[in-house]
Structure formats: C-alpha cells, structure tokens
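Chain A is the first sequence line, chain B the second, and so forth, proteins listed ahead of strands; every chain is numbered from 1.
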There are 2 protein chains.
Amino acid sequence: MVERQRADARRNYERILAVAEEEVAAKGADASLEQIARVAGVGSATVRRHFPTRRALLEAVSQQRIEALCARARELADRKSNNRAGEGRKALLEWLGEVVAYCVTARGLAAALSYDEGHDPLGGNSCAAALIEAGEPLLRSAAREGAVAPRTTVEDLITLAVGLALATEHHPEPTARAEALLALTVAGISPERG
Amino acid sequence: MVERQRADARRNYERILAVAEEEVAAKGADASLEQIARVAGVGSATVRRHFPTRRALLEAVSQQRIEALCARARELADRKSNNRAGEGRKALLEWLGEVVAYCVTARGLAAALSYDEGHDPLGGNSCAAALIEAGEPLLRSAAREGAVAPRTTVEDLITLAVGLALATEHHPEPTARAEALLALTVAGISPERG
DNA sequence: ACCTGAACACCGTTCAAGT
DNA sequence: ACCTGAACACCGTTCAAGT
C-alpha cells in the first residue's frame, strides 16, 4: 500500500513522521497535529491525508519500538533452549517488564497500544496485534509450567502494562513506580494461599 | 473557606457544579469547560474563579462518590466484628472491587484520583488522600492476616484501580474487562509458588 | 494524484471594565 | 468582592482551488 506513491508524497510522509516522533516524545500523545504540520512544512490537511486519525499517527510513531519488543519476545522464546524449570516463567516476566518499561518511557506508546473501539472485526488494533502474537509463545511456555493461570491472555498482560503506564504517567518517578506496581501485580495483591 | 460568600457567588458555584456533573458524566474528564459555562449561564472566567484547574472541577464533581467509597470502607472495617479467619482479606477485596467499579463507571473519577504532581508536600492530592485514609484500616486487617504483602500501601491499590479504569476505558464492556483484570491482579499474574 | 490555503467552529487563558 | 465581555492564541476539520 506504500507502492506507486508520488515522490513528493513519500517525502512528506517521511518528514511528517520524523517531526511527529520528536513532537510526541516532547509533548506526549496529545501533541498538536497543527504544530507537527507547521514544523514539517506542510499543511495540516496533508498530515490528515497520511494519518487519518491521531491514533494512526501514534501507531506509526510507535512502530519501531513495537517491532523491537516483538523481536525481544522472539529472542527470549528461542533462548530458553535449556528447558530448565521456571525458565518459561522467567522469560515471560522479563519480557513483560520490558513492555512496561517501554510504555512508561516512550510517550505515545501506551496510547497506541490502548484498545481501539474501531469496528475492527478482531476487536483489537493492528498495532497491538503484532505484539500479542509475538508474546504468545512466551505466555504458553509459562502456562505449560503452571506458572500462570491457564485462561490468561497476552492481551490481558498488555492491557495491564498500558494501565500501569497511564496511571503512573504523572508521578515524579514513573519508571520506579510502574516497576513496583508490576511486581505487586505479578506476585498478586492477595493470592489464594494453597 | 466557603464562609462569608456572597449569595450570587454561592449560587454560581452550585450551578456550575451541577452542570459540570452532567457534562462530565456525558463527555468524561475532557468535557468542555466552555460548554459548562454556557449551560450554567455564566462566563468562562467565572468557572475558572471557582475551579482554577480542570482537576479541581473533577475533584468537586467526584466528591460524593469518594465520600461514598470512604463510608463503605468504614462500614466494611466495622462489620468484620466476628473476626473469622480471612475476613479481613475478604473485606479489603470487596472494597477494592467497588473502588474499581466506581472508577470505571463514574466518568472523571479516575482522573480525579490520578496522582497530581502539584507541589503538595505530602505528594498526594487531597482528593485521593481521604480515600487512602479510609482504606487504611482495611488494608491493615488484611495484612495482619498475612493476606497481603507487608509493604503494600493503599496508594498502590488506588493507583492500580485507576490504571485498570484508564486502560479499559474504550473497551466495549469496560466493567467486565476491568473486573477480570482485577481478579488477575489480585491472584497474581504469576505468583511465586511456595 | 496530491497539495495548499482558507474558512469554520471550537477551545482555554487573561484582563480591563463593570456592579 | 465578584462578575462579564471581549481579545488572544490555539486547536482539528473540511473543502474548494490549485499544480
């Protein structure tokens, strides 16, 4: 769908995306689209053509990080070759920690990963979909060890990560706060004692 | 601080608050302050005098629900008179469930309870402070039973509740989703097996 | 096919002028 | 002491006119 694009359109797309990355990094998910257009030297209507919704822009801006997290998931899934007990759990939790850290650090990412009520038949957004797919093997390994409840989904984990990022956004030390809360969530506020 | 107020100022305050409740219920935390002023029949500058920040308005709008949750906490804390084992845990979790349900249902409440980076010496906002104080006895009872980790704070629980509400805001069935995720959080994603 | 520029309706902030 | 009205700078959306 990027094929056969006119050179100037392509150029504009790249420029807008580059500016958007800076603006979102500076101002967060609410960065001004108008400002982005201004700095990129295009009309706001042009921004809108390339990115019809704010969310589309945020997803594009976040794409590299999401790909990095997907790659990391695959890496961790492969690495557990030695099959020691508890290795699957460890890998899953390490990945989840990185997802949370990214969501807290990379402004706009949590918003891009938030559930989108768009009428997408699968009920998810394409952006989170890749991450969910990449995390699946990690979750399954951990579940096979009995380390996570059988009905847990990767989407649950992502939603929790997004929630932690959003809730700690205005704290003085968001990363530390989010990590502490993740630890609490992993261990359970009050797990059944068997 | 509400004493010796001129009658018209008092009337305006009440009107603005009443309108704000409707608008926030309809549009959420991002409701238009201008629109609220219009419906209330006052200038936007008047709204600003009574509620200097959006947050102040959201806190005022949420006050009744917060008081209800505080009352509920006291009620649950008193009720566990029969001191049966696990009673403290049960009370805490029931309350936490209600906090989450309120945050999901009552638009603007999650925003009002979010951490405020204002230079408030205690590091919290006055709105959440009441809720934290009210929840303290419940948490302590549960902790005394060994049902929650000793270093857990009520603020942790509130922040988690806010996070769940924010993360599920755009889901088709926010309440069900938030409840499911709360259950997962209470049980733990992957508790240590002792 | 793609872009621009302008018009539109909206927003929150600020302040001088009123009573 | 409190309010109003207006001015300001900003926002996102839309569309007719350009190349």
Sole residue of L92(A), L138(A), L139(A), L131(A) in side chain to side chain contact (heavy atoms under 4.5 Å, CB included) with V154(A)
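Filter result, single survivor: L139(A).
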Under-4.0 Å side-chain N/O to phosphate OP1/OP2 contact, N12(B) with dC2(D):
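Indeed not, no polar side-chain atom of N12(B) lies that close.
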Pairs under 3.5 Å (Watson-Crick or G-U), crossing ones as [ ], inter-strand ones as |: DNA chain D comes out as ||.|||||...|||||.||
Is E14(B) salt-bridged to R11(B), cutoff N-O under 4.0 Å?
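Not counted as a salt bridge, because no side-chain N and carboxylate O are separated by less than 4.0 Å.
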Quickly work out the R55(B) CZ to dG12(C) C1' distance and round it to whole Å.
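That distance rounds to 18 Å.
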Rounded off to whole Å, could you give me the CG-to-P distance for the L58(A) and dG12(D) pair?
12 Å
Looking at H50(A), I'd like to know whether one of its side-chain N or O atoms comes within less than 4.0 Å of OP1 or OP2 on dC3(C).
yes
Output the rounded distance in Å from CZ (R15(B)) to C1' (dC2(D)).
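After rounding, the gap between these two atoms is 14 Å.
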Does K90(A) come within less than 4.0 Å of E94(A), counting only side-chain N to carboxylate O?
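Not counted as a salt bridge, because no side-chain N and carboxylate O are separated by less than 4.0 Å.
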So, with a heavy-atom separation below 4.0 Å from DNA chain C, the residues of residues 29-43 of chain A are V42(A), G43(A)
Just N and O in the side chain of T46(A): are any of them under 4.0 Å from OP1 or OP2 of dT4(C)?
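Checking T46(A) against dT4(C): at least one side-chain N or O falls below 4.0 Å of OP1 or OP2.
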Within the structure provided, determine whether L164(B) and L160(A) are in side-chain contact (heavy-atom separation under 4.5 Å).
yes
Would you say CD of E136(A) has more than 12 non-hydrogen atoms from neighbouring residues, nucleotides or ligands within 6.0 angstrom?
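Yes.
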Distance in angstrom units between E23(A) CD and dG12(D) P, rounded:
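Atom-to-atom, E23(A) to dG12(D), this comes out as 11 Å.
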Once base and sugar-phosphate atoms are separated, protein heavy atoms under 4.0 Å mark nucleotides 14-19 of chain C, 5' to 3', with B, S and - as BB----
Separation of I16(B) atom CD1 from dC2(D) atom P, in whole Å?
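Distance check: I16(B) CD1 to dC2(D) P gives 13 Å.
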Hey, could you give me each pair passing side-chain hydrogen bond (donor to acceptor under 3.5 Å, both in side chains) that has a residue in residues 26-40 of chain B? Not counting sequence neighbours.
Q35(B)-R38(B)
Return the set of residues passing ring-ring contact (aromatic ring centres under 6.0 Å, His included) with F51(B) (not counting sequence neighbours), or none when no residue passes.
Y13(B)
I need the full list of side-chain hydrogen bond (donor to acceptor under 3.5 Å, both in side chains) pairs touching residues 172-184 of chain A, with sequence neighbours left out, sorted by first then second residue.
R177(A)-D156(B)
Find out whether V99(A) and L157(A) are in side-chain contact, i.e. whether some heavy atom of one side chain is under 4.5 Å from a heavy atom of the other.
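Side-chain contact under 4.5 Å: no.
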Answer yes or no: does atom CD of Q64(A) have more than 12 heavy-atom neighbours from other residues, nucleotides or ligands under 6.0 Å?
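No - once you tally the heavy atoms of other residues, nucleotides and ligands closer than 6.0 Å, there are 12 at most.
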Hey, is CZ on R65(B) packed in by over 12 heavy atoms from elsewhere, all under 6.0 Å?
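Open: at most 12 neighbouring heavy atoms sit under 6.0 Å from CZ of R65(B).
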